[in-house]
Asker: 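This structure is in structure tokens; I'll ask about it shortly.
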Amino acid sequence: MKLYNTLSKSIEDFKPIDENLVKMYTCGPTVYNYAHLGNLRTYIHEDILEKTLRYLGYNVKRVMNITDVGHLESDADEGEDKMLKGAKRENKTVWEIAQHYTDAFFRDIEKLNIKKADIVAKATDYINEYIEFIKGLEEKGYTYMANGNVYFDITKVEDYTKLSGMDLEQLKTASREEVSIDVHKKNPQDFVLWFTKSKFENQAMKWDSPWGVGYPGWHIECSVISLKNLGEQMDIHCGGVDHIPVHHTNEIAQTESYTGKPWVKYWWHSEFLIDQDGKMSKSKGEFLTLSLLEKKGFNPLSYRYYALNSHYRKQLAFSFDSLASAENAYMKLKSRIRSINDNADISEMELSKEAIKYKEEFKNCLEDDLNTANAITVLFNLLKADEVTNSEKIKLIEDFDKLLSLDLLKDEEVNEVHDEMAEYIEEMIQNRQEAKKNKNYQLADAIRAELLEKGIMLEDTRQGVNWKKIN
Ligand code: AMP
Ligand code: ZN
């Protein structure tokens, strides 16, 4: 398999350290709010990566953390604690917030047919291990104390920016101009390993430590959780591209300083899903969630189909129009498959040479740095192929779907009435937007009223117009 490696900035041949087991780590969600569609895009592609490895015959051990402590508003240790912010917003304890959004996250990924990691580790379950890790770094001279916090000194490591390729001198100059920078840091890129209560007097999550009562910095959890569960070296570490300059850079600095060994062989990053205003973010107020899509009548797997039709290393601009056309294509695909499926017993069937060619092509697309869009094209070509029998097609589709996980053979009735209704509503919304643009507010109001009469209420938001059924 060919895979792009952020560390070498090139496509490489994938060869695991131990040929019998691929060790894989994926940074998990910060559970202070729902996952947005951008986060879910990253988890869908990570799922494809894991399933491709399994499809190619590798054994995989995958670990994911749940960030329930330590992540401040900015990745570089500035601003408010994200968990505390969630708790204040909802008048709950931080522990309740963490539980609620962890459950919501697992419900979302289940709906998207994303396989759960083999090991899911809560950051707050590893406090003693963080303390041991920081003590180790302290003994080796990588840390300093200032204003009650323990910092990692980045000048002690060689090639701190090797992952991002950024120029450290330039970074330093740029950060000197930032007003919010922590004055206790010796270098602007130094980061906190352990905060004591001096940072937030009302910190709810805190533990005793040799440096005082406090809580761990954010980056430490991924280093320690992976060392504990995968050992000192691993094959693939995943996350979104936002993690390259700070989070993953800091993870590398502290882990390699601690073990004295190279840590991760392949760094894998997926590009952003963006909305009309640019970057999608959970802290921006209202944002796009899977439940919102469901409320609008979309099938969650249409979003998976939509995501798989773009490459993970390309930005994708979200719009409801493009999602609707993806849903349309996905529904047509499913009904085409239904029309050729006679539910014959295919378990013992041998594939012909012609059919095997499609299997090879499908595999080649995935081995080509996970080209899921091309893999889906192979599926469409297979459906059109005259030289392959329908039973063979179904057998291949069953095989492809182990990876694509689009429930291609699941025989649920597509709700045609619902589809027609949704299409009609979307059309009315378009007409109303058009009327508003032409300052024809009378027509716009009339359209709203007409929909309301049919039990559909419109809501204007910054992301566009939402609709919901009312009784
Ligand atoms: P978080 O819950 O913010 O820690 O992020 C969870 C995962 O989603 C991380 O791997 C992030 O890098 C990734 N991520 C954050 N924003 C986006 C986005 N707009 N598009 C794709 N992935 C994202
Ligand atoms: Zn991480």
Side-chain angles (χ1 to χ4, degrees), residues 6 24-49 62-75 79 81-83 85-86 97-98 101-102 104-106 108-109 112 114 117 120-123 126 130 163-164 191 216-227 229-230 234 236-255 263-264 267-284 287-290 303 306-307 310-318 463:
T6 312
M24 179 172 167
Y25 186 91
T26 42
C27 288
T30 309
V31 285
Y32 75 115
N33 212 332
Y34 296 107
H36 60 52
L37 293 181
N39 303 133
L40 295 171
R41 179 188 189 207
T42 292
Y43 296 118
I44 289 171
H45 286 296
E46 288 168 351
D47 184 55
I48 287 290
L49 170 59
R62 176 169 168 206
V63 178
M64 179 190 265
N65 63 306
I66 299 285
T67 301
D68 56 359
V69 67
H71 196 171
L72 305 189
E73 262 177 317
S74 128
D75 288 356
D81 178 312
K82 288 193 176 186
M83 295 303 297
K85 199 172 153 184
I97 289 290
Y101 290 110
T102 304
F105 173 72
F106 286 114
D108 279 354
I109 66 164
L112 290 167
I114 295 172
V120 174
K122 279 201 309 199
Y126 286 76
Y130 306 148
L163 184 66
S164 67
F191 55 93
W218 173 43
H219 317 296
I220 203 161
E221 64 188 78
C222 295
S223 294
V224 171
I225 289 171
S226 80
L227 288 175
N229 293 290
L230 295 172
M234 71 163 105
I236 315 178
H237 190 131
C238 309
V241 287
D242 55 325
H243 285 344
I244 299 170
V246 181
H247 182 50
H248 289 165
T249 290
N250 291 346
E251 282 185 27
I252 294 174
Q254 64 195 6
T255 311
W263 180 35
V264 174
W267 281 92
W268 180 102
H269 293 99
S270 81
E271 253 299 346
F272 263 33
L273 180 78
I274 52 172
D275 59 23
Q276 282 110 332
D277 317 326
K279 190 184 156 190
M280 201 168 285
S281 129
K282 287 190 226 179
S283 38
K284 267 206 281 185
F287 57 87
L288 296 167
T289 59
L290 196 64
Y303 181 65
Y306 172 75
S310 70
H311 194 257
Y312 77 95
R313 284 199 294 119
K314 288 217 174 79
Q315 271 197 359
L316 177 63
F318 180 82
Q463 270 86 20

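Quick note: numbers below take in every heavy atom, side chains included, and nothing from hydrogens, waters or symmetry partners. Counting starts at 1 for both ligands and their atoms, in listed order. The shown structure was predicted, so the numbers you read here are calculated from the model rather than taken from an experiment.
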Asker: Is there a donor-acceptor pair under 3.5 Å between the side chain of Tyr126 and the backbone N or O of Val224?
Answerer: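 It does not hold such a pair.
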Asker: Using heavy atoms and a 4.0 Å limit, tell me yes or no: is His36 in contact with ligand 1?
Answerer: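 The answer is yes: ligand 1 sits under 4.0 Å from a heavy atom of His36.
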Asker: Under 2.8 Å from the Zn ion (ligand 2), which protein atoms of type N, O or S occur, listed by chain and number?
Answerer: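 Those protein N, O or S atoms (cut-off: under 2.8 Å from the Zn ion (ligand 2)) are Cys27 SG, Cys222 SG, His247 NE2, Glu251 OE2.
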Asker: Pick one of side chain, backbone, both or neither for how Asp242 approaches ligand 1, counting any non-hydrogen atom pair under 4.0 Å.
Answerer: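 The answer is the side chain.
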Asker: When you compare the side chains of Glu251 and His237, does any donor N or O come within less than 3.5 Å of an acceptor on the partner?
Answerer: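 Yes, side-chain donor-acceptor contact under 3.5 Å.
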Asker: Identify, by atom number and element, the atoms of ligand 1 in contact range of Pro29, meaning under 4.0 Å from any of its heavy atoms.
Answerer: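 Ligand 1 atoms under the 4.0 Å threshold to Pro29: 2 (O).
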Asker: State, to 0.1 Å, how close His219 and Val246 come at their nearest heavy-atom pair, and which atoms those are.
Answerer: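 The answer is CE1-CG1, 3.9 Å.
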Asker: Say whether Cys27, considering both its backbone and side-chain N or O atoms, lies within less than 3.5 Å of an N or O atom on ligand 1.
Answerer: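 No.
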Asker: Using modelled atom types only, decide if a donor and an acceptor are shared between the side chain of Tyr34 and the backbone of Asp108 within a distance under 3.5 Å.
Answerer: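 No.
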Asker: Closer than 4.0 angstrom: is that true for some heavy atom of His243 and an atom of ligand 1?
Answerer: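 Under 4.0 Å: yes for His243.
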Asker: Between Gly38 and ligand 1, does any nitrogen or oxygen pair lie at a separation below 3.5 Å?
Answerer: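 Yes, Gly38 has an N/O under 3.5 Å of an N/O on ligand 1.
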Asker: Under the rule for ring pair (Phe, Tyr, Trp, His ring centres under 6.0 Å), what residues qualify as partners of Tyr43, not counting sequence neighbours?
Answerer: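 For Tyr43, the residues satisfying ring pair (Phe, Tyr, Trp, His ring centres under 6.0 Å) (neighbours in sequence not counted) are Phe105.
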Asker: So which of Ile66, Asn39, Leu316, Leu273 gets nearest to atom 20 (N) of ligand 1, if we judge by its closest heavy atom?
Answerer: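 Minimum heavy-atom distance to atom 20 (N) of ligand 1 goes to Leu273.
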Asker: Minimum heavy-atom separation for Ile274 to Gln315, with atom names?
Answerer: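 Where Ile274 meets Gln315 most closely, the heavy atoms are CD1-OE1, 3.5 Å.
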Asker: With under 30° as parallel and over 60° as perpendicular, where do the rings of Trp267 and His269 fit, or are they tilted in between?
Answerer: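 If you compare the ring of Trp267 with that of His269, the planes turn out parallel.
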Asker: If the cut-off is 4.0 Å to any non-hydrogen atom of Tyr43, which atoms of ligand 1 fall inside it?
Answerer: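 Those of ligand 1 that fall under 4.0 Å from Tyr43 are 6 (C), 7 (C).
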Asker: If you count the atoms of ligand 1 from 1 in the order shown, which ones are under 4.0 Å from a heavy atom of Gly239?
Answerer: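 Answer for ligand 1: 10 (O).
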Asker: Could you list the atoms of ligand 1 found under 4.0 angstrom from a heavy atom of Thr42?
Answerer: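 Matching atoms, with element in brackets: 10 (O), 13 (C), 21 (C), 22 (N), 23 (C).
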Asker: So which of Trp218, Tyr25, Trp268, Phe272 actually passes ring-ring contact (aromatic ring centres under 6.0 Å, His included) with His243?
Answerer: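 Of the listed residues Trp218, Tyr25, Trp268, Phe272, the ring-ring contact (aromatic ring centres under 6.0 Å, His included) partner of His243 is Trp218.
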Asker: Using the salt bridge (charged side-chain N to carboxylate O under 4.0 Å, His left out) criterion, which residues pair with Arg62? Sequence neighbours excluded.
Answerer: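 Arg62 satisfies salt bridge (charged side-chain N to carboxylate O under 4.0 Å, His left out) with Glu46, Glu50 only.
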Asker: Do Glu271 and ligand 1 have an N or O pair less than 3.5 Å apart?
Answerer: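 N/O-N/O distance below 3.5 Å does not exist for this pair.
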Asker: Does His45 have any ring pair (Phe, Tyr, Trp, His ring centres under 6.0 Å) partners at least two apart in sequence or in another chain, and if so, which?
Answerer: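 If we apply the ring pair (Phe, Tyr, Trp, His ring centres under 6.0 Å) test to His45, skipping adjacent residues, there are no hits.
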Asker: Is it the case that the side chain of Asn65 and the backbone of Ala121 share a donor-acceptor pair, with hydrogens and angles ignored and the cut-off at 3.5 Å?
Answerer: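 A pair under 3.5 Å: no.
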